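Everything numeric in this text was worked out from a predicted model, so none of it was measured.
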Amino acid sequence: MRRVNEARLEAMFRGGGLGTLLGFRLVEWEPGRAVVELTPTPIVANITGSVHGGALYALADSAFEIACNSYGRVCVALDVSVHHASAAPVTETVTAEAVEVSRSARVASYRITATGPGGEVRAWYQATAYRTSRWHFGADAWPADWREAH
């Protein structure tokens, strides 16, 4: 059952929305972690010619969204703070990795780092998610021991 749900989550995570419009690519994910990549085009540039901070935020938010929903529980953002460290050239790929820092029954914290191709930190984020009592695909789709642990 868990493998079936993982495939359903994978399809949901790759299913479109803003990330598809902006050209994001889901690289990998597992419970509590996700990596999303952007190969920028001029459409995401700011007035100085680097990747717009809003595009970087959307990339980081996409990784966060996948990481916190990756257990199958429906989660929503409560708070996200950002620190822009260096400009992201439009000519270079940007990768956002969201990693779970802590998780309780109702709240989880994540650190998201957006980096350039050489590992240069472009921005980092601290994000908090609210973990609802709802489950993607319904609670009955998940084994009771999984729901209890996650």
Do Arg25 side-chain atoms and Leu38 backbone N/O form a donor-acceptor pair below 3.5 Å? no
Kindly work out whether a path of hydrophobic side-chain contacts (I/L/V/M/F/W/Y, heavy atoms less than 4.5 Å apart) joins Trp135 to Leu9. yes
Please answer whether the main-chain N or O of Leu26 pairs with a side-chain N or O of Arg14 as donor and acceptor at a distance below 3.5 Å. yes
Tell me the closest heavy-atom pair linking Pro31 and Trp146, and the distance in Å. CG-CH2, 4.4 Å
Report the relative orientation of the aromatic rings in Phe137 and Trp142; use parallel for angles under 30°, tilted for 30 to 60°, perpendicular for over 60°. parallel
Check whether any side-chain N or O of Asn69 sits under 3.5 Å from a backbone N or O of Glu65 as a donor-acceptor pair, and report yes or no. yes
Ser104 backbone acceptor or donor facing Arg131 side chain under 3.5 Å: yes
Indicate the atoms forming the closest heavy-atom contact of Ala141 with Arg8, along with that distance. CB-NH1, 4.2 Å
With the 4.5 Å side-chain cut-off for hydrophobic clustering, are Ile66 and Leu22 part of the same group? yes
If I take atom OG1 from residue Thr128 and atom CZ from residue Phe64, how far apart are they, to the nearest 0.5 angstrom? 7.0 Å
Taking Glu120 for its side chain and Gly118 for its backbone only, find out whether a donor-acceptor pair lies under 3.5 Å. yes
Distance, nearest 0.5 Å, that separates OG of Ser62 from OH of Tyr57: 11.0 Å
Minimal heavy-atom distance between Glu30 and Ser70, with the atoms involved, is O-OG, 3.4 Å
Common cluster, Val35/Val51, ILVMFWY with side-chain heavy-atom separation under 4.5 Å: no
Apply side chain to side chain contact (heavy atoms under 4.5 Å, CB included) to residues Arg106 and Tyr130 and explain how you reach the verdict. CA-CA 6 Å; Arg106 288 291 179 217; Tyr130 176 70; 3.8 Å; yes
Please set out all donor-acceptor pairs under 3.5 angstrom arising from side-chain atoms of residues 73-91, sequence neighbours excluded.
residue: Arg73; atom: NE; partner: His150; partner atom: O; Å: 3.2
residue: Arg73; atom: NH1; partner: Thr132; partner atom: O; Å: 2.9
residue: Arg73; atom: NH2; partner: His150; partner atom: O; Å: 3.4
residue: Ser86; atom: OG; partner: Val121; partner atom: O; Å: 2.8
residue: Ser86; atom: OG; partner: Arg122; partner atom: NH1; Å: 3.0

Which atoms form the tightest heavy-atom contact between Leu59 and Ala96, and what is the distance? CG-CB, 3.7 Å
If you compare all heavy atoms of Tyr125 against all heavy atoms of Ala60, which two are closest, and at what distance to 0.1 Å? CE1-CB, 3.3 Å
About how many Å separate CD1 of Ile112 and CD of Gln126, when rounded to the nearest 0.5 Å? 7.5 Å
Cationic N near anionic O, under 4.0 Å, Glu97 to Arg33: yes
Of all heavy-atom pairs between Val44 and Ala55, which one has the smallest distance, and what is that distance? CB-CB, 3.9 Å
One should read off an interatomic distance between Asn46 CG and Leu56 CG, to the nearest 0.5 angstrom, of 9.0 Å
Taken in chain and number order and not counting sequence neighbours, the residues that satisfy salt bridge (Lys or Arg N to Asp or Glu O under 4.0 Å) with Arg134 are none
Honestly, is Arg103 close enough over Tyr71, meaning NZ or CZ under 6.0 Å from the six-membered ring centre and within 45° of the axis? yes
